[in-house]
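So the structure is just underneath, and the comments pick up after that.
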Amino acid sequence: MTGKVTVRMVAEAAQVSLATVSRVLNNDPHVHTTTRTRVIRCAQQLGYRLEPGNGRRIIALVLPDGGDLRGYGGPLLANLRAEISMRKYRTELIGNTDIEILNDRVVSGAISLSLERTLPAAWADQCTLPLVMINFAGDHLNHIYTVRSDGEQGIELALNHLWQKGHRKIAYLSDQGREHELELCSRRYPAFRRLMAAHGEPDPPEFFHIGNWPQDGSILRRLRETRTTALLCVGEPIGIALTRNLQKAGVRIPEDFSLLAMEYPSVSENLVPSHTTLAQNFKRLASEAVNLLEKIMNHSPGLKDIDIPYTLIERESVLDISRRGPDGAAPPPSGS
C-alpha cells in the first residue's frame with residue numbers, strides 16, 4: 001500500500017494544499033503546529049513513507065527518563081548513532097515521556113533504549129510510528145518488535161563456565177527487584193533456576209536484590225550459610241558496586257567468592273581483580289535494531305524478534321576450585 005499512496009492523497013486527507021504537505025515534509029517551522037500534526041498523522045494513517053525533502057530519513061532514539069545511560073546504555077547509544085549515520089539517516093533524541101512530540105515531526109521510525117514498562121502501551125496509544133525495542137518486550141499487535149541480548153543463552157554460558165571451574169553453590173544477584181526481574185523479556189532468572197535444577201541444584205541460594213546493599217552484613221551471612229562459592233551478578237553496574245562492598249567487608253575476590261558479572265566496557269577489565277564477564281554485542285544489537293526498523297518501515301513480511309548471543313570474557317575474578325574436596329578445602333600437596 002505504501003507505494004500507492006501519493007502526496008496528493010495525503011493533502012486531500014489532511015484538507016491542505018500540496019505546497020503545505022511539502023513544507024511539512026521539510027520541517028518548515030512556519031507551518032502551524034495543528035496543521036503539521038494533521039498532515040503527519042494523515043500520512044502515517046495512509047501508510048505514506050515520511051521522508052524529508054532531502055531524502056534523509058530521521059530515526060528517533062527514545063532514551064530513559066533523566067537520560068540515565070549507565071552500564072550498557074552509553075555504548076549502545078554510541079553504536080546506534082554510528083549505525084544510523086552510516087546508513088545516511090539522521091538521529092533525533094527524545095525522552096520516553098516526550099514521545100507525543102514525534103507526531104509533530106517528520107520521523108520515519110524509532111528505536112527505544114528505555115526499559116520503562118509502560119512505554120509499549122503508551123506508544124500504541126500516542127504514536128503510529130514503527131518502533132523497535134532493545135532488551136524489552138514489544139507488542140506485535142501494534143507492530144512493536146524487539147532486538148535483545150539472549151538472556152537464557154547468556155545465563156547458560158555463565159553457568160557452564162562456573163561449573164567447569166568446580167562451583168556448585170552459585171548465588172544470583174540483581175540490581176532489579178525479584179518481581180521486575182521475572183518480567184524481563186530476557187528470562188534470565190527463570191533460566192538460572194531451570195539450569196541449576198537440571199545440574200542437580202533444584203534449590204540454589206536465594207535471589208538477592210542488592211540495589212541498596214544492606215550495611216548489617218545480612219547478605220554476606222546468608223551467602224556463607226548456604227556455602228556459596230560463586231556470585232552471578234546481572235546488570236552492568238552491579239558487579240562494580242558489589243566488589244566495592246565486599247572489599248569493605250574484608251571479603252576477597254576470588255579467594256572467598258568467585259564473581260562473574262556483566263561487562264561494563266572500559267571498566268570491567270580495569271578493576272582489581274579484573275572481572276570475568278558476560279558481554280553484550282552492542283554493535284550487532286545496533287545493526288539488527290536498524291535492520292528490523294527498516295523492515296517495518298518498508299512493510300516487509302516475516303517480521304520477528306531477534307536474539308543476539310552473549311560472549312564470555314574470562315579474566316581474574318573466577319577461581320578454579322575443581323580440585324577442592326567436598327568441604328571446599330584445597331587438596332593436599334602432591335606426595336603427602
Side-chain angles (χ1 to χ4, degrees), residues 68 70-72 154-155 157-178 180-181 188-189 192-193 195-196 199-201 203-279 312-334 336:
D68 186 354
R70 292 175 299 172
Y72 85 97
I155 293 298
L157 187 63
L159 289 178
N160 281 337
H161 180 73
L162 293 172
W163 288 329
Q164 289 169 5
K165 298 296 184 181
H167 297 279
R168 297 297 179 267
K169 297 296 183 180
I170 303 167
Y172 186 99
L173 296 96
S174 174
D175 57 356
Q176 303 291 332
R178 185 188 183 99
H180 190 196
E181 184 77 26
R188 58 194 186 187
Y189 185 55
F192 171 80
R193 296 292 306 232
L195 292 166
M196 289 290 286
H199 205 75
E201 292 288 343
D203 188 28
E206 66 182 284
F207 175 97
F208 292 98
H209 173 214
I210 63 169
N212 293 305
W213 179 264
Q215 298 302 312
D216 60 3
S218 56
I219 289 182
L220 190 54
R221 284 196 300 273
R222 282 183 285 168
L223 290 172
R224 287 171 170 159
E225 287 168 0
T226 56
R227 303 182 71 179
T228 297
T229 62
L231 312 176
L232 178 55
C233 303
V234 297
E236 277 75 9
I238 191 175
I240 301 166
L242 181 62
T243 298
R244 178 176 181 272
N245 284 301
L246 289 177
Q247 289 175 342
K248 287 174 63 177
V251 175
R252 301 168 302 163
I253 298 174
E255 292 83 0
D256 298 323
F257 294 104
S258 288
L259 184 147
L260 197 155
M262 304 288 287
E263 179 73 4
Y264 200 128
S266 302
V267 175
S268 298
E269 70 266 32
N270 292 311
L271 297 171
V272 179
S274 58
H275 282 184
T276 293
T277 59
L278 285 176
L312 189 135
I313 303 175
E314 185 172 359
R315 297 193 183 101
E316 302 170 339
S317 63
V318 174
L319 188 66
D320 189 340
I321 62 170
S322 58
R323 295 184 62 242
R324 289 186 177 183
D327 60 354
S334 58
S336 60

Determine the minimum heavy-atom distance between [X] and [Y], stating which atoms define it.
X	Y	result
Ser322	Asp320	OG-OD1, 2.6 Å
Tyr189	Arg178	OH-NH1, 3.7 Å
Glu263	Glu236	O-CG, 3.2 Å
Cys233	Leu242	SG-CD2, 3.2 Å
Pro273	Ile253	CG-O, 3.3 Å

Are [X] and [Y] packed together at the side-chain level, in the sense that at least one heavy-atom pair is separated by less than 4.5 angstrom?
X	Y	answer
Phe192	Pro204	yes
Thr276	Ser317	yes
Leu223	Leu231	yes
Val234	Leu278	no

Say you draw a straight line from [atom1] of [X] to [atom2] of [Y]; how long is it, rounded to the nearest 0.5 Å?
X	Y	atom1	atom2	result
Ile240	His275	CD1	NE2	7.5 Å
Arg224	Ile219	CZ	CD1	13.0 Å
Leu259	Arg315	CG	CZ	12.0 Å
Leu260	His161	CG	NE2	6.0 Å
Met196	Ile155	CE	CD1	11.0 Å
Ile238	Thr243	CD1	OG1	10.0 Å

**Request:** Take Leu220 and Leu246, measure what side chain to side chain contact (heavy atoms under 4.5 Å, CB included) needs, and give me the verdict at the end.
**Result:** CA-CA 8 Å; Leu220 190 54; Leu246 289 177; 4.1 Å; yes
**Asked** Is the number of heavy atoms from other residues, nucleotides or ligands within 6.0 Å of CG (Asn270) greater than 12?
**Response**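 Correct, the count exceeds 12.
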Would you tabulate the side-chain donor-acceptor contacts of residues 165-173 under 3.5 Å, counting partners in other chains and residues two or more places apart, or write 'none'?
| unit_1 | atom_1 | unit_2 | atom_2 | d |
| --- | --- | --- | --- | --- |
| Lys165 | NZ | Glu314 | OE2 | 3.2 |
| His167 | ND1 | Thr229 | OG1 | 2.7 |
| His167 | NE2 | Ser258 | OG | 3.3 |
| His167 | NE2 | Leu319 | O | 2.8 |
| Arg168 | NH1 | Trp163 | O | 3.1 |
| Lys169 | NZ | Glu201 | OE1 | 3.2 |
| Tyr172 | OH | Glu181 | OE2 | 2.4 |
| Tyr172 | OH | Arg188 | NE | 3.4 |

